[in-house]
Amino acid sequence: MNEKQRLESKQIEAANSSDKKSAKDYSKYFEQVITAPSLKDAKKRGKEEVKYHNDFSIPEEFRGMGEGRKFYIRTYGCQMNEHDTEVMAGIFLALGYEPTDKTEDANVILLNTCAIRENAENKVFGELGHLKHLKLEKPDLLIGVCGCMSQEESVVNKILKTYNQVDMIFGTHNIHRLPNILHEAYMSKEMVVEVWSKEGDVIENLPKVRRGNIKAWVNIMYGCDKFCTYCIVPFTRGKERSRRPEEIIQEVRHLAAQGYQEVTLLGQNVNAYGKDLEDINYGLGNLMDELRKIDIPRIRFTTSHPRDFDDHLIEVLAKGGNLMDHIHLPVQSGSTDVLKIMARKYTREQYLELVRKIKAAIPNVALTTDIIVGYPNETDEQFEETLSLYREVGYELAYTFIYSPREGTPAAKMQDNVPMEVKKERLQRLNALVNEQSAEAMKKYKGQIVEVLVEGESKNNPDVLAGYTSRSKLVNFAAPKSAIGKIVKVRITDAKTWSLNGEMVEELEPVEVK
Ligand code: SAH
Ligand code: SF4
Ligand code: F3S
């Protein structure tokens with residue numbers, strides 16, 4: 001063993017012990033790696049092929065790193081982040097860490113962050129402020145920031161400058177590097193920053209610990225190439241990369257065999273699935289057509305971009321069965337002019353035509369959407385067009401947002417003549433309509449019998465169970481706890497704005513609402 005190897009093995013020994021100070025003494029022998037993000041690089045879309053890896057394993061020297069240590073992960077943002085947290089939890093367990101749901105008990109705390117709007121980011125900075133006290137009490141605690149905010153230069157610079165309680169920052173493309181990053185953080189006196197801005201790879205065999213055993217997330221693709229002018233996601237998640245269909249099918253089959261009742265396929269733009277698979281002509285329609293044959297009661301997908309929603313997919317969804325009759329189809333605005341500036345690449349008329357086709361093929365479909373109000377220079381008339389489109393489509397629910405400028409995106413450079421007061425007032429008016437239509441949609445269920453996948457106790461009342469219908473309606477009802485994890489029939493007795501109340505019925509065929 002030469003000197004370098006001896007020192008390295010000492011570092012490993014020290015890293016594996018809970019004595020962080022002695023670990024740090026050896027840090028000078030390690031070269032500090034700082035790979036900072038670059039929005040400019042993240043914007044590039046190269047032609048290089050996607051590489052698929054199936055060789056993830058925990059390096060021998062890191063095994064047992066987590067013995068006697070606990071981890072805590074707080075997740076912000078979308079389902080993609082929720083699922084990444086499941087993967088990171090899987091890696092922590094493989095390293096020997098134990099989970100905890102209390103920050104005070106944790107030896108490592110990760111904030112898996114979201115960058116979609118300014119207030120999402122503010123929440124994270126607020127949380128880092130709280131964690132500073134914990135770090136002062138427990139200097140050996142490791143605090144990490146990962147997820148979409150880590151991909152932003154401005155965020156990393158701000159953390160480097162003012163949040164020295166943070167020990168490590170790593171990006172959305174570096175999740176599989178968690179063991180190495182933790183190792184370096186134990187060794188180093190400096191903040192460890194490892195954020196790759198460009199990524200063309202798909203790593204297949206990462207461990208995961210799924211939250212619960214009823215519903216599961218399955219990634220079908222990563223990244224986004226749409227570059228809507230307001231959106232940071234193409235910068236934080238890299239280029240579109242589809243997983244191979246056989247990998248997805250195998251994962252869903254495996255989940256079915258384990259008794260999962262519902263799978264949600266994930267991607268920022270699932271309708272672009274398969275476009276990058278050069279050797280096969282295969283899209284989301286083909287994939288859904290395969291998945292519907294698997295013996296699992298419910299399959300959903302999110303999120304759809306209207307532009308790539310093709311006729312084949314509609315045809316397949318119309319076959320029903322385990323393909324759920326709820327489609328989330330973000331429209332963003334009802335004005336063709338605003339859609340153009342947003343670079344959504346469809347007009348109001350094209351969107352309405354797509355809705356018409358979907359409704360013709362799936363008559364009972366529930367449609368929900370995302371809407372941004374107060375886009376730079378949005379006029380009252382353009383906003384009114386959003387309201388009229390909302391009525392015309394008859395959405396059952398929407399997530400509504402005030403436009404938030406994101407540094408590096410084209411919209412952030414636009415002059416904006418709409419005062420915040422006006423934007424807030426528009427949001428209120430839109431939300432009033434959203435509530436009205438949601439309540440109307442709920443009312444139709446009164447007296448009907450629906451199938452509910454029971455997820456557990458109701459959040460507000462542990463004596464009552466809660467679950468969702470095929471069309472994603474929340475139902476609260478009294479039933480024995482043995483119903484949890486099953487699909488049961490429930491008669492709806494009362495409809496509220498956001499949920500339904502009911503009672504479980506036995507041996508009745510479900511009658512879906514027309
Ligand atoms: N890939 C999905 C959207 C993911 S982000 C899609 O294209 O449908 C979720 C929602 O956040 C978007 O649909 C949009 O309504 C909203 N959003 C994204 N960027 C935003 C911004 N800069 N300000 C306000 N809302 C934004
Ligand atoms: Fe953002 Fe548009 Fe991509 Fe959705 S499709 S993630 S809104 S750039
Ligand atoms: Fe947020 Fe990143 Fe998802 S920005 S919405 S966590 S892809």
Side-chain angles (χ1 to χ4, degrees), residues 37 39 42-43 45 74-85 111-121 123-124 145-152 155 171-173 175 217 219-240 266-273 275 301-309 327-334 338-339 341-346 351 367-376 378 386 395 397-414 416 418 420 423 426-427 430 434:
L39 285 185
K43 202 174 165 185
R45 289 294 183 267
R74 179 159 296 174
T75 315
Y76 302 81
C78 65
Q79 295 94 333
M80 212 76 61
N81 259 16
E82 299 273 356
H83 190 46
D84 285 348
T85 289
L111 304 186
N112 190 7
T113 63
C114 171
I116 202 82
R117 283 169 291 274
E118 192 183 354
N119 59 3
E121 296 201 347
K123 278 189 215 156
V124 171
V145 175
C146 55
C148 286
M149 279 171 73
S150 330
Q151 298 291 139
E152 296 179 290
V155 168
T172 57
H173 307 308
I175 287 175
W217 311 112
N219 270 124
I220 62 166
M221 61 182 299
Y222 304 94
C224 180
D225 288 347
K226 280 281 182 279
F227 286 102
C228 302
T229 49
Y230 49 84
C231 186
I232 195 72
V233 172
F235 299 84
T236 64
R237 293 276 168 176
K239 75 168 182 180
E240 285 175 359
L266 292 182
Q268 279 302 341
N269 171 14
V270 287
N271 301 83
Y273 174 74
K275 283 184 194 277
F301 56 88
T302 198
T303 302
S304 280
H305 190 294
R307 190 179 148 89
D308 299 319
F309 208 113
I327 298 175
H328 187 65
L329 194 63
V331 67
Q332 313 302 354
S333 167
V338 174
L339 289 169
I341 310 170
M342 287 177 164
R344 291 289 288 181
K345 300 196 176 74
Y346 53 83
Y351 184 92
L367 290 170
T368 57
T369 198
D370 291 350
I371 292 174
I372 298 177
V373 302
Y375 208 62
E378 181 191 58
T386 297
Y395 293 112
L397 196 72
Y399 298 102
T400 58
F401 312 101
I402 289 181
Y403 163 70
S404 170
R406 310 312 300 133
E407 199 180 314
T409 62
K413 296 187 198 86
M414 292 176 195
D416 186 2
V418 189
M420 188 45 89
K423 294 184 192 227
R426 284 181 190 162
L427 184 71
L430 175 60
V434 170

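Positions are given from 1, in the same order as the sequence printed here. We count ligands from 1, going down the list as the structure has it; atoms in each ligand are counted the same way. Nothing here was measured: the structure is a model prediction, and the numbers come from that model.
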Looking at Phe301 versus Tyr273, is the centre-to-centre ring distance below 6.0 Å?
-> no
Look at atom 22 (N) of ligand 1 and say which protein heavy atom is nearest, naming residue and atom and giving the distance to 0.1 Å.
-> Ser404 O, 2.8 Å
Can you list the atoms of ligand 2 that are under 4.0 Å from a heavy atom of Pro234?
-> 8 (S)
What's the shortest distance from atom 3 (Fe) of ligand 2 to any protein heavy atom, and which residue and atom give it?
-> Cys224 SG, 2.3 Å
Give the numbers and elements of all ligand 2 atoms closer than 4.0 Å to a heavy atom of Gln268.
-> 6 (S)
Numbering the atoms of ligand 3 from 1, which are under 4.0 Å from a heavy atom of Cys148?
-> 2 (Fe), 4 (S), 6 (S), 7 (S)
Might you confirm whether atom CD of Glu82 has over 12 heavy atoms from other residues, nucleotides or ligands at distances under 6.0 Å?
-> yes
For atom 5 (S) of ligand 1, what's the nearest protein heavy atom and its distance?
-> Ile116 CD1, 3.5 Å
In ligand 2, which numbered atoms sit nearer than 4.0 Å to a non-hydrogen atom of His305?
-> 5 (S)
So do the side chains of Glu152 and Glu121 get within less than 4.5 Å of each other, counting heavy atoms only?
-> yes
Do any heavy atoms of Ile402 fall under 4.0 Å from ligand 1?
-> yes
Is there a nitrogen or oxygen of Asn269 sitting under 3.5 Å from a nitrogen or oxygen of ligand 1?
-> no
